[in-house]
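A short worksheet on the structure shown next.
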Amino acid sequence: MLKRGLTAFALILILVLGAWGYRQYIEKISYHRYLQAQYDRSFYQLVSNVENIETSMGKLMVASSDKTTIPILDEIWREAFSGQEHLNQLPIGQPEMDNTSKFLTQIGDYAYSLTKKVASGQKLSQQDLATLTKLQNYAIFLGKNLQDLRRKIQGGYELGNLRQKGTQKMGEIDSKILNVKMSSVNQTMTNYPTLIYDGPFSESLAKTTPKGLVGKEVSYDRALQIAKDFYGKPVESQNKYSPNNGKIKAYGIELKSPGKLPVYINVSQKGGHVVWMMDQRSVNKINISQSQALQYAKKFLEKHGFKNVESTYSMKADGSVQLNFVPVQDEVYLYPDIVKVKVALDNGDIIGFDATAYYMNHTERKLEKPKLTEKEAEQKVNKNLKIEGTKLTLIPLEGGKEVLAYEFKGTYKGDTFYVYINALNGNEEKILKVIKTEHGDLTM
């Protein structure tokens with residue numbers, strides 16, 4: 001009897017210990033995955049921080065006024081500080097990233113010391129610019145090597161893999177990073193850099209109610225008919241969905257043609273305007289050129305009432321080309337009113353359309369006449385920029401304000417920049433840098 005009792009007790013103990021062990025195992029796996037996710041996020045953020053430092057330094061080399069120089073310098077500090085935090089969160093040996101950590105700290109400190117210098121009324125000296133150029137070169141070196149590390153880590157950012165290969169690679173990077181002697185100062189935070197991934201001002205939306213929606217409220221049935229007419233192909237079924245157009249209230253409509261993937265169209269409740277359309281079909285062959293695609297897009301826009309518009313930007317990717325158009329009024333390009341059209345390069349079909357910015361911002365405008373000539377405005381541009389083109393534009397600023405500005409497109413060290421000089425007072429309002437993405441080539 002005693003033997004049976006001991007056996008039963010032993011079995012119960014084994015089950016309890018097994019359950020406890022299994023729970024510990026599950027918790028360990030869960031914690032391991034949590035750590036892996038945190039390291040993954042930190043590594044991606046570090047790469048982004050370093051690339052943004054490089055970009056901001058490039059912008060600094062073509063800046064010519066305190067109004068733009070100070071925010072750019074502050075941007076460099078914020079990215080450097082953030083990069084150091086993310087670097088220190090990686091499971092990599094401290095000796096292997098010591099110089100890299102110091103580099104990020106010192107570049108941020110130096111940027112802030114220059115901010116104080118400019119804010120006090122002084123200009124950046126040639127020595128300052130030379131130091132910044134040297135630091136930019138090391139930022140480029142660091143960014144390229146971090147990208148190389150990302151490619152070398154196979155199977156994702158698994159904990160042991162990142163610790164082993166990351167420590168080895170960071171040791172190689174760290175041995176070549178410049179350790180510049182700079183004064184340590186207090187720091188402040190500001191905004192992130194402005195990059196062009198999708199054409200100048202493509203995502204600018206005034207923080208107001210939509211200005212371009214005209215007409216009365218329409219019913220869903222009326223919106224459905226508008227969507228079908230816009231699509232222009234036979235439809236075998238339709239469904240509703242909830243769209244996301246920010247401040248533009250719209251009906252979401254899904255249309256399906258026989259044997260094809262669904263097409264999604266958003267029609268504004270006020271006025272019944274097609275705000276957005278996406279055709280999901282894939283493009284497997286390229287049969288037409290980008291210049292032919294431009295003509296297809298222009299005809300499409302004219303058919304739907306968008307007249308006197310000019311293409312300002314295009315990006316080719318995945319068998320299609322996206323073209324951005326803006327209205328032109330009195331030879332002024334109205335950037336707040338951008339309309340995007342995506343053309344399939346197999347047969348010229350329109351497979352994407354986005355007029356959100358247009359309907360948010362478009363209105364009858366009384367444009368002021370420039371008080372500066374183009375030549376006078378050009379004198380305000382930093383001499384480092386090799387100017388390739390100029391035009392008069394209306395550009396959006398923070399808070400929904402619009403200003404008349406000369407756009408100077410140019411290059412510096414192989415990178416393309418857009419500098420905007422206020423046509424009324426000569427202020428340098430904005431500097432944008434074109435970024436080539438892995439998703440396609442940028443062309444203007």
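As the structure is a computational prediction, the values presented were derived from the model and not from experiment.
- Counting non-hydrogen atoms of neighbouring residues, nucleotides and ligands closer than 6.0 angstrom, the CD atom of Q292 exceeds 12 such neighbours.
- The environment of K270 atom NZ is dense: over 12 non-hydrogen atoms of other residues, nucleotides or ligands sit within 6.0 angstrom.
- Put simply, the side chain of F353 reaches to within 4.5 Å of the side chain of V339, judged on heavy atoms.
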side-chain contact (heavy atoms from CB on, under 4.5 Å) between V403 and L424, intermediate numbers included: CA-CA 9 Å; V403 297; L424 303 178; over 6 Å; no
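- Remark: side-chain polar atoms of S257 are paired, donor with acceptor, to backbone N or O of P234 under 3.5 angstrom.
- Although no hydrogens or angles enter the test, the distance criterion places a donor-acceptor pair under 3.5 Å between the side chain of N425 and the main chain of N427.
- In this structure, CD in Q136 is found 8.5 Å from OG1 in T55, a value given to the nearest 0.5 Å.
- Taking every heavy atom of both residues into account, A139 and V50 meet most closely at O-CG1, 3.4 Å.
- Donor-acceptor pairing under 3.5 Å is recorded for the side chains of T356 and D354.
- For Q45 and N49, the side-chain atoms include no donor-acceptor pair closer than 3.5 Å.
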Chi angles and distances behind the side-chain contact (heavy atoms from CB on, under 4.5 Å) call for D415, K433: CA-CA 7 Å; D415 290 322; K433 179 183 177 182; 3.5 Å; yes
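- Looking only at distances, a side-chain donor or acceptor of N308 sits under 3.5 Å from a matching main-chain atom of V328.
- Ring planes of Y420 and Y418: parallel class, angle under 30° (limits at 30 and 60°).
- Y333 and E407 form no side-chain donor-acceptor contact under 3.5 Å, judged by distance and modelled atom types alone.
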V218/Y251 under side-chain contact (heavy atoms from CB on, under 4.5 Å): CA gap, chis, key distance, verdict: CA-CA 10 Å; V218 299; Y251 297 107; 4.0 Å; yes
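- Contact record, G108 with W77: O-CD1, 3.2 Å, taken as the closest heavy-atom pair.
- In this structure, P336 and N361 approach most closely via the heavy-atom pair O-ND2, 2.8 Å.
- T68 and E428 share a donor-acceptor pair across their side chains, judged by distance under 3.5 Å alone.
- Every side chain to side chain contact (heavy atoms under 4.5 Å, CB included) that Q329 has, sequence neighbours left out, goes to L334, R365, L367.
- Using a 4.5 Å heavy-atom threshold, the side chains of R281 and D346 count as touching.
- Pairing each heavy atom of F408 with each of E374, the nearest pair is CZ-O, 3.9 Å.
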Full working for side-chain contact (heavy atoms from CB on, under 4.5 Å) between L385 and T411: CA-CA 6 Å; L385 189 73; T411 58; 5.8 Å; no
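- Once rounded to the nearest 0.5 Å, the distance linking CE of M278 with CG of N266 reads 9.5 Å.
- More than 12 heavy-atom neighbours from other residues, nucleotides or ligands sit within 6.0 angstrom of NZ on K383.
- Counting heavy atoms of neighbouring residues, nucleotides and ligands inside a 6.0 Å radius, atom CD of E236 exceeds 12 of them.
- Annotation: K256, atom NZ; neighbour count of heavy atoms from other residues, nucleotides and ligands within 6.0 Å is above 12.
- Centroid-to-centroid, the aromatic rings of F300 and F230 come within less than 6.0 Å.
- For the residue pair G83 and L104, the shortest heavy atom distance occurs at C-CD1, 3.7 Å.
- Between I248 and L213 the shortest side-chain heavy-atom distance falls below 4.5 Å.
- At a threshold of 4.5 Å between non-hydrogen side-chain atoms, the residues L394 and V326 do not count as touching.
- M61 is not listed as a side-chain neighbour of K413, based on a closest heavy-atom distance of 4.5 Å or more.
- Considering CG of L224 and CG of N239, their distance stands at 10.0 Å, rounded to 0.5 Å.
- Counting only heavy atoms from C-beta outward, the side chains of Q225 and D221 never approach each other to under 4.5 Å.
- Formation of a donor-acceptor pair under 3.5 Å by the N52 side chain with backbone atoms of E79 is not found in this model.
- If you take OG on S56 and CG on L132, they are separated by 11.5 Å, rounding to the nearest 0.5 Å.
- Heavy-atom minimum distance, P396 versus Y335: CD-CB, 4.3 Å.
- Atoms CG and OG, from N324 and S311 in turn, are 7.5 Å apart once rounded to the nearest 0.5 Å.
- Residues Y110 and I76 form no side-chain contact, since every pair of their non-hydrogen atoms from C-beta on lies 4.5 Å or further apart.
- Side-chain atoms of V381 and Y406, non-hydrogen and from C-beta on, never get closer than 4.5 Å to each other.
- T393 contributes a side-chain N or O that, together with a main-chain N or O of A405, makes up a donor-acceptor pair within less than 3.5 Å.
- Atoms CG and CG, on L129 and N384 in that order, are 7.5 Å from each other to the nearest 0.5 Å.
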